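Worksheet: the structure to be examined is printed underneath.
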Protein chains: 2
Amino acid sequence: MPASERGPRERMVFSAAQLIRREGVAGTGMREVAAHAAAPRGSLQHYFPGGKEQLVNEAVAWAGRYARGRVARFVAALPEPTPSGLFARMVAQWTDEYAAEGFAGGCPVAAATVDCSQSSAATREAASAAFADWTGAVAEALAEMGVPAERARTLATVMISALEGALLIARAERDVRALEAVTQELGPLLDAAVVERA
Amino acid sequence: MPASERGPRERMVFSAAQLIRREGVAGTGMREVAAHAAAPRGSLQHYFPGGKEQLVNEAVAWAGRYARGRVARFVAALPEPTPSGLFARMVAQWTDEYAAEGFAGGCPVAAATVDCSQSSAATREAASAAFADWTGAVAEALAEMGVPAERARTLATVMISALEGALLIARAERDVRALEAVTQELGPLLDAAVVERA
DNA sequence: CCCGCGCTATGACAGCGGTCATAGTAGCTC
DNA sequence: GAGCTACTATGACCGCTGTCATAGCGCGGG
């Protein structure tokens with residue numbers, strides 16, 4: 001939503017991420033990105049001499065940083081920090097969006113993985129880094145809540161896996177049922193991983 | 001693997017699913033499908049007058065039936081039927097493939113969802129039906145193992161969500177770590193849902 | 001024999017999308 | 001004001017893709 005007042009370069013990266021969420025990487029055109037960002041078409045070449053691949057990679061990296069930031073904000077806003085509470089907030093971000101705007105968008109990192117992991121090594125690595133960013137933030141948060149470090153990393157991966165998969169199903173079904181299912185079922189499992197501290 | 005001796009029509013659907021797994025829907029061309037199926041290009045029009053959309057939809061539906069069939073075979077082959085055992089087999093199918101053939105392919109239903117859920121209503125519904133097919137098979141299997149019916153459906157959704165998400169992460173990272181994480185963490189949760197029967 | 005029908009073969013077309021080339025503008029420094 | 005640099009503007013090109021049109025085969029039945 002803080003779309004407008006930034007540089008044109010950043011706006012284009014942001015717009016690319018937005019469009020990739022909806023239409024996938026292959027379905028998103030460069031001209032379309034420029035138009036959506038209200039940026040001049042000529043700037044694409046100027047800011048992204050590496051072409052579409054560079055733009056996509058930056059959009060994916062941006063998404064990773066964004067996800068990391070969201071996790072930090074969720075943790076800060078939790079009344080009492082529990083793993084299930086964090087996960088519920090992460091999922092709620094999506095159920096809220098789907099309730100408000102329909103099931104148009106998914107996760108841009110997932111889209112990039114599906115569309116490019118075979119065709120572009122650089123994009124695949126960008127997606128990997130984005131997942132690592134996100135997982136790292138969640139794992140740190142879990143550790144802060146009292147989950148042993150190595151288990152925190154595993155559980156963070158499980159949380160993100162379940163969320164990503166539920167997003168796919170929710171979009172296909174146009175129903176948040178799957179998202180509700182994962183919050184409900186994973187909550188107790190996550191909280192049980194907290195060890196009592198002295 | 002039973003690629004060869006079927007009619008050209010079925011071979012094309014199968015090939016479409018294979019290619020979509022790797023390159024996504026938009027990245028898969030019709031000519032490419034025909035070539036991969038060793039089928040004449042002219043047959044595309046003949047068998048799929050609805051064009052690419054029809055072919056993709058049939059490939060997705062095929063994938064749904066295939067997943068359903070796999071679940072049935074896994075259940076039949078389990079020494080003692082437990083939810084965690086079924087899930088472990090479902091995940092192992094993928095870890096085996098990745099170990100043997102590399103991280104080239106993902107789930108074709110996921111690819112169709114990401115690429116088409118916004119652009120083609122029919123494909124989105126095909127993906128939804130495929131997920132329903134798959135989820136239904138898993139839920140029935142869980143119920144057979146003693147999981148209460150309504151919870152079985154929820155848990156089946158969780159299993160498939162976690163699997164799909166872990167597939168994405170595994171492809172991006174070129175590492176089966178995420179797949180191992182979900183098997184390990186979800187196993188106990190699933191088995192705990194079995195109620196003792198008289 | 002020949003008709004019809006299922007299937008195949010190919011060439012053409014139109015649209016689109018990423019990229020390049022070239023040229024133009026704005027603003028700053030010397 | 002000249003000149004340099006950052007950015008913008010646009011038109012063209014080329015490859016690709018889905019689709020269509022048209023024509024050719026093979027074969028079973030009348």
Side-chain angles (χ1 to χ4, degrees), chain A residues 4-60 108 111-112 114-116 118-123 126, chain B residues 4-60 108 111-112 114-116 118-123 126:
Chain A
S4 21
E5 288 325 320
R6 277 179 178 67
R9 205 197 124 99
E10 192 173 348
R11 284 208 316 274
M12 283 191 277
V13 172
F14 178 81
S15 288
Q18 289 287 101
L19 293 171
I20 289 170
R21 266 161 51 79
R22 291 169 171 69
E23 310 279 357
V25 173
T28 301
M30 301 284 274
R31 293 165 172 85
E32 193 185 356
V33 171
H36 183 275
R41 215 189 84 196
S43 300
L44 281 169
Q45 291 204 54
H46 187 68
Y47 291 116
F48 308 96
K52 186 176 191 176
E53 186 173 7
Q54 181 186 357
L55 177 58
V56 170
N57 294 354
E58 295 202 23
V60 169
V114 164
D115 267 13
C116 311
Q118 185 67 0
S119 53
S120 157
T123 303
Chain B
S4 22
E5 287 325 319
R6 277 178 176 67
R9 205 197 124 98
E10 192 173 349
R11 284 208 317 274
M12 283 191 277
V13 173
F14 178 81
S15 288
Q18 290 286 103
L19 294 172
I20 289 170
R21 268 162 47 80
R22 291 170 172 68
E23 311 278 357
V25 172
T28 301
M30 300 285 274
R31 292 164 172 84
E32 193 185 356
V33 170
H36 183 274
R41 212 190 87 197
S43 301
L44 282 170
Q45 290 204 59
H46 190 255
Y47 291 115
F48 307 96
K52 187 177 190 177
E53 186 173 5
Q54 181 185 358
L55 177 58
V56 170
N57 293 353
E58 295 203 21
V60 169
V114 164
D115 268 14
C116 310
Q118 185 67 0
S119 53
S120 156
T123 303

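Within every chain, numbering begins at 1; the chains are lettered A, B, ... in the order of the sequence lines, protein sequences first and strands thereafter. No experiment lies behind these values; they were computed from the predicted model shown.
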Between [X] (side chain only) and [Y] (backbone N and O only), is there a donor and an acceptor less than 3.5 Å apart?
X: B:R41; Y: B:A34; value: no
X: B:R22; Y: A:Q118; value: no
X: A:D115; Y: B:G24; value: no

Report summary line: Per the under-4.0 Å heavy-atom filter, residues of residues 45-60 of chain B near DNA chain C come out as B:H46, B:Y47
Requested in this report: Kindly state which residues belonging to residues 18-37 of chain B come within less than 4.0 angstrom of DNA chain C, counting heavy atoms of the residue only, listed by number.
Outcome: B:R31
Report task. Anything under 4.0 Å to a heavy atom of chain A counts; send over the first and last such nucleotide of DNA chain D, read 5' to 3'. Result -> D:dA6 to D:dA12
Could you measure the distance from the [atom1] atom of [X] to the [atom2] atom of [Y]? Nearest 0.5 Å is fine.
X: B:C116; Y: B:K52; atom1: SG; atom2: NZ; value: 8.0 Å
X: A:L19; Y: A:M12; atom1: CG; atom2: CE; value: 12.5 Å
X: B:L44; Y: B:R9; atom1: CG; atom2: CZ; value: 11.0 Å
X: B:F48; Y: B:M30; atom1: CZ; atom2: CE; value: 8.0 Å
X: A:N57; Y: A:Q54; atom1: CG; atom2: CD; value: 8.0 Å

Query raised in the report: Closest approach of B:R11 and B:A37, non-hydrogen atoms and distance?
Result: NE-O, 2.8 Å
Query raised in the report: For B:A112 and B:T123, which heavy atoms make the closest approach, and how far apart are they?
Result: CB-CG2, 4.1 Å
**Report entry** Side-chain donor/acceptor contact of A:R41 with base of C:dG18 under 3.5 Å
**Finding:** no
